[in-house]
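Notes for the one structure printed next.
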Amino acid sequence: MRATAAVLLVLCLLTISHAWDCQEVVNIKNLMQIDAGLGQVVATDTSQIPYYLVGDKWIRLPGSLKHITVGPAGIWGVNKDYAIYKYVAGNWVQAAGLLKQLDAGGNQFVVGANINDTPYCLTSSATVGYKGPGSPLPWTGLPGAVKYYSCGPFGCWAVNKNDDIYLMSLNQDCQNKGWSHIDGKLSMIEVATDGSVFGVNSAGSVYTRDGITASKPEGTGWSNIPMGMLMGHVTYDLGRLWVVSKSAVTMVCTH
């Protein structure tokens, strides 16, 4: 009886640990993609208008972007033609190269994937120092093929065209030891500034990776976060889980 009670208590605690209180974000509509990091939140809508969250107000940024990211490497984005931009002193400055998705969550370095699913990395010195066309941009090609790619303090996570999940240790100089396969299937994945990992699968379900630490960056397993609707995109920062549904409804959830 005691053993049964103990098991039930553990199951109850596990359920509670993944209970999230979600509310619809009513002051922004039709978001397509969202990214959070270092206390900042950026997003793009279905018209490819970029936004920056200030308090509870969404401030429209200049330009047109289909993907935007914020983190230790700054604010970066790509447009419908895959051109790359960095936000410098209130304006977008174009950077060399073409990417369909990129991420600024690494330790001041940027990673991304091009239309052929080739992963790239930009060193921290080049990322931080980039101010315009005169600054060097030595993009480093990485092994493998990924369609979505995100980094945090304990490593970089990615998914490929088959929704397979991979993890790579990557330093500020883009040095790495290749990819390690991780169990599960996800269509997109995001790593938070604190190392937390969240993702969405092709069925629109949201998952988080449990047990991630500096000594065990791969974590221990996946846990589903019930949402009540089909989700397409997710990001997390400072206790807030931001999710965008496949019908362009944005939710913010707290634990």
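These numbers were taken from a predicted model, which means no experiment stands behind them.
Contact check for Y87 versus V70: no side-chain heavy atoms found under the 4.5 Å cut-off. At a threshold of 4.5 Å between non-hydrogen side-chain atoms, the residues L142 and L170 count as touching. Q94 is not listed as a side-chain neighbour of I84, based on a closest heavy-atom distance of 4.5 Å or more. Two residues are said to be in side-chain contact when any heavy atoms from C-beta on lie closer than 4.5 Å; C151 and V111 meet this criterion. D163 places a side-chain heavy atom less than 4.5 Å from the side chain of S202. V243 has its side chain within reach of M231: a pair of non-hydrogen atoms, C-beta onward, lies under 4.5 Å apart. Side-chain atoms of V197 and I189, non-hydrogen and from C-beta on, do get closer than 4.5 Å to each other.
Taking S125 as the reference, T123 meet the side chain to side chain donor-acceptor pair (under 3.5 Å) condition, with sequence neighbours excluded. For Q23, the side chain to side chain donor-acceptor pair (under 3.5 Å) test picks out D21, with sequence neighbours left out.
Placement of V26 and V249 in two distinct hydrophobic clusters is found when ILVMFWY residues are connected by side-chain heavy-atom separations under 4.5 Å, directly or transitively. Hydrophobic clustering (ILVMFWY, side-chain heavy atoms < 4.5 Å, transitive): I225 and M251 are in one cluster. Linking Ile, Leu, Val, Met, Phe, Trp and Tyr residues whenever their side-chain heavy atoms come within less than 4.5 Å places Y236 and V159 in a single cluster.
Atom OH of residue Y51 and atom CG of residue L31 lie 8.0 Å apart, to the nearest 0.5 angstrom. A distance of 8.5 Å separates CG in N30 from OG1 in T250, rounded to the nearest 0.5 Å. How far CG of L230 is from OG of S247: 8.0 Å, rounded to the nearest 0.5 Å. The distance from atom CH2 of W139 to atom OH of Y120, rounded to the nearest 0.5 Å, is 10.0 Å. Atom SG in C121 sits 8.0 Å away from atom CG in N176 (nearest 0.5 Å). Rounding to the nearest 0.5 angstrom, the gap separating the CD1 atom in I59 from the CG atom in L53 is 8.5 Å.
Residue K80 places its NZ atom among 12 or fewer non-hydrogen atoms of other residues, nucleotides or ligands, all under 6.0 Å distant. For K161, the NZ atom is loosely surrounded, since the number of other residues' heavy atoms within 6.0 Å does not exceed 12.
A salt bridge links R209 and D183; the closest N-O separation between the charged side-chain nitrogens and carboxylate oxygens is under 4.0 Å.
The minimum heavy-atom distance linking N224 with S205 is given by the pair ND2-CB, 3.9 Å. Taking every heavy atom of both residues into account, L122 and T127 meet most closely at O-OG1, 3.2 Å. The nearest pair of heavy atoms linking S135 to G129 is OG-O, 3.6 Å. Between P153 and A192, the shortest heavy-atom distance links the atoms CD-O, 3.6 Å. When all heavy atoms of W58 and A43 are compared, the closest pair comes out as CZ3-CB, 3.9 Å. Taking each heavy atom of W242 and A36 in turn, the nearest pair found is CD1-CB, 4.2 Å.
Side chains of N116 and T118: a donor-acceptor N/O pair is absent below 3.5 angstrom, by distance only. A side-chain donor-acceptor contact under 3.5 Å links D103 and S150. Checked by atom type, the side-chain pair E190/T235 shows no donor-acceptor distance below 3.5 Å. Side-chain contact, S223 with D210: a donor N or O sits under 3.5 Å from an acceptor N or O.
In terms of modelled atom types and a separation under 3.5 Å, the side chain of K185 and the main chain of N162 share a donor-acceptor contact. Of the possible donor and acceptor atoms, none in the side chain of N160 sits under 3.5 Å from a partner among the backbone N and O of I165. The main-chain N or O of N107 is found under 3.5 Å from a side-chain atom of Q172 such that the two form a donor-acceptor pair. Using modelled atom types, no side-chain atom of T254 and backbone atom of R240 make a donor-acceptor pair closer than 3.5 Å. T44 places no side-chain N or O within donor-acceptor distance of the main-chain N or O of P50, the cut-off being under 3.5 Å. Between the S64 side chain and the I49 main chain, no donor and acceptor come within less than 3.5 Å of each other. Looking only at distances, no side-chain donor or acceptor of D173 sits under 3.5 Å from a matching main-chain atom of Q175. Counting only distance, with no hydrogens or angles, the side chain of D81 and the backbone of A83 share no donor-acceptor pair below 3.5 Å. Judged purely by atom type and a 3.5 angstrom limit, K86 uses its side chain to pair as donor or acceptor with the backbone of Y130. Side chain of D35 to backbone of V42: no donor-acceptor contact under 3.5 angstrom is found.
If you run side chain to side chain donor-acceptor pair (under 3.5 Å) between D117 and each of Q101, K100, K147, only K100 comes through. Screening L65, I68, N91, V93 for a side-chain contact (heavy atoms from CB on, under 4.5 Å) involving Y85 leaves a single residue, L65.
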Where do I182 and W157 land on the side-chain contact (heavy atoms from CB on, under 4.5 Å) test, with the steps shown first?
CA-CA 9 Å; I182 303 294; W157 293 69; 3.8 Å; yes

Should C253 and M227 be marked as a side-chain contact (heavy atoms from CB on, under 4.5 Å) after you check the CA-CA gap, both sets of side-chain angles, and the distance that decides it?
CA-CA 10 Å; C253 309; M227 282 291 155; 4.0 Å; yes

Please assess M188 against N201 for the test side-chain contact (heavy atoms from CB on, under 4.5 Å), listing each intermediate value before the final yes or no.
CA-CA 7 Å; M188 65 81 57; N201 68 10; over 6 Å; no

Chi angles and distances behind the side-chain contact (heavy atoms from CB on, under 4.5 Å) call for H67, L102
CA-CA 8 Å; H67 189 95; L102 77 173; 4.2 Å; yes

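Under the ring-ring contact (aromatic ring centres under 6.0 Å, His included) criterion, the residue pairs touching residues 175-196 are Y149-W179, Y166-H181, with sequence neighbours excluded.
Ring to ring, W222 and Y207 are not that close: their centroids are 6.0 angstrom or more apart.
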